[in-house]
J.: 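First, the structure itself, so that you have it in front of you.
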2 protein chains.
Amino acid sequence: MPTSRRERPAKPALTRAGIIATAVEVLRAEGLEKVTMRRLAQELDTGAASLYVYVRNTAELHAAVLDELLGEVDLTVAGDWRARVTGILESYTAVLLRYPSLARSALVSWPTGEHFLTVVESLLAALDDGLVPAGQAAWGVDLLLLHATATAVEHGTRRESLDRDDEWEALSTAVQGVSPERFPHLASLRTEMLSGAGGGRMTWGFDVLINGIVHTSVP
Amino acid sequence: MPTSRRERPAKPALTRAGIIATAVEVLRAEGLEKVTMRRLAQELDTGAASLYVYVRNTAELHAAVLDELLGEVDLTVAGDWRARVTGILESYTAVLLRYPSLARSALVSWPTGEHFLTVVESLLAALDDGLVPAGQAAWGVDLLLLHATATAVEHGTRRESLDRDDEWEALSTAVQGVSPERFPHLASLRTEMLSGAGGGRMTWGFDVLINGIVHTSVP
DNA sequence: ACCTGAACACCGTTCAAGT
DNA sequence: ACCTGAACACCGTTCAAGT
């Protein structure tokens, strides 16, 4: 008969939801690089092999974590249809920018979770309001989300590790020091190429896509 | 005095160029996952630590390999400026599609090598022919190459590993089986969302971007 | 069915010691 | 300056054995 005064907190039963919740915690605290099977197992006081009952592999785990975070995307943007499309995409990008390594995995294995589908639905609704033809809207949403994700990967990683500054400098000096004989256009557009690193360039990118989608019919 | 009949092929001196050449070989034969410091060292008959004299880290190595391969991009496309832009981008995408894992690394650490700069120069020249304003051309090239790279990552990875078929099926059933009450737009656009998996969709994407760039002035 | 420990087959990077 | 072996601190995944 166990005398159970002052027991250590009972080891909670392993569940898929519990594993994903722990993964989100580790992600927020230490980044995706630490969201490994071994580390999660340690956190859950078990062995890595046990997790494979609930999760197919690391990629599937990361996809589940991503969908969880996509619940934070703000879908209630005010304004006309264009402002709504841009606003949703900016919110989506902002979430991914907080976890650039997750953005990377989103690009590799396209998400299919509830929260992701909700984002897609909201974008389709806004495009419908804008009277964008169905075919263009369907393909366009794909383009918009691909661009938002790629932007997050590109900018996010830059911030994540410290040698991104080195890299910006490498790019900058590569463009600055380009030979005007061999790369005349590039040399004369140096300034423009490197300008507008901030949000202005991101907004311009979304505008380009929206204008293009509106003006380009599907084959 | 060494009697040197029948020597084993002399171990070649370690150079940066030699390391990168070996990396390209391994990449072509077995994919980027095998292009590791340890594996390359083994191939070059030395220890992994020796490579760090010539290469800062794995990321820098992969960037160098990528630029090497970008020498294969076809820049001599015939036709008007739009055809040239699309053609160069399609060739660029095709190269990355052969090595999707390299495309992934291109997105993370933007290339700055000679071959990459040549691609940029060619695109700028074509846009200039099309009388695209300088500011739009400069930012536009970035957008076009980001899209091409992201497309390669997205499609390429699908082919690389076998469980990409599972994934397409997952996406397909997720979209097919979506609840018409909660996701009305998505449900009614099911067919369009999943259509045009081939090259038509990629070409449409480039057209959207070109049209958008032409029609959207920079702030 | 689920859980576990141990094993297999790897990684990147650093460092002291040699040449 | 360059090269090396060994070490540190990790990975994902599988599998036989247990409960």
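Just so we're clear, the structure is a prediction, and the values are computed from it rather than from any experiment. Here is how names work: the chains are called A, B, and so on, in the same order as the sequence lines, proteins then strands, and each is numbered from 1.
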J.: State the OG-CZ distance between B:Ser188 and B:Phe183, to the nearest 0.5 angstrom.
T.: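 The distance works out to 13.5 Å.
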
J.: Report the residue (A:Ser50 or A:Arg38) whose heavy-atom-nearest nucleotide on DNA chain C is the more 5′ of the two.
T.: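 Per heavy-atom nearest nucleotide, the more 5' residue is A:Ser50.
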
J.: Would you give the length of the straight line joining atom CD of B:Glu68 to atom CG of B:Leu27, rounded to the nearest 0.5 angstrom?
T.: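 The CG atom of B:Leu27 is 11.0 Å from CD of B:Glu68, to the nearest 0.5 Å.
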
J.: Report the distance from atom CZ of B:Arg16 to atom CG of B:Leu61, rounding to the nearest 0.5 Å.
T.: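 CG of B:Leu61 is found 8.0 Å from CZ of B:Arg16.
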
J.: When the P atoms of C:dA9 and D:dA9 are considered, how many whole Å apart are they?
T.: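 The answer is 24 Å between these two P atoms.
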
J.: Closer than 4.0 angstrom, basic N to acidic O: yes or no for B:Arg38 and B:Glu43?
T.: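 No, no charged N to carboxylate O under 4.0 Å.
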
J.: Which comes earlier along DNA chain C counting from the 5' end, the contact point of A:Val53 or that of B:Thr58, where each point is its nearest nucleotide?
T.: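 The residue whose closest nucleotide sits nearer the 5' end is A:Val53.
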
J.: Whom does C:dA7 pair with, Watson-Crick or G-U wobble, provided both distances fall under 3.5 Å?
T.: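 When the pairing criteria are applied, D:dT13 turns out to be the nucleotide that pairs with C:dA7.
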
J.: Using a 4.0 Å heavy-atom cut-off, does B:Thr36 contact any base of the nucleic acid, only the sugar-phosphate backbone, or nothing at all?
T.: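 Counting heavy atoms under 4.0 Å across all strands, the contact made by B:Thr36 is with sugar-phosphate only.
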
J.: Let's test this: given Watson-Crick or G-U wobble pairing with both distances under 3.5 Å, identify the partner of C:dA1.
T.: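 Because both required distances fall under 3.5 Å, C:dA1 counts as paired with D:dT19.
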
J.: Under 30°, 30 to 60°, or over 60°: which ring-plane class applies to A:Tyr92 and A:Phe116, parallel, tilted or perpendicular?
T.: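 Tilted: the ring planes of A:Tyr92 and A:Phe116 meet at 30° to 60°.
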
J.: Does any N or O in the side chain of B:His185 come within less than 3.5 Å of the main-chain N or O of A:Ala126, such that one atom is a donor and the other an acceptor?
T.: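 No; zero donor-acceptor contacts below 3.5 Å.
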
J.: Which nucleotide span of DNA chain D, 5' end to 3' end, has atoms closer than 4.0 Å to non-hydrogen atoms of chain A?
T.: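 Both ends considered, the range comes out as D:dC11 to D:dC15.
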
J.: Start at the 5' end of DNA chain D and walk down; is the nucleotide closest to A:Ala49 or to B:Tyr54 reached first?
T.: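 The residue closer to the strand's 5' end, by nearest nucleotide, is B:Tyr54.
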
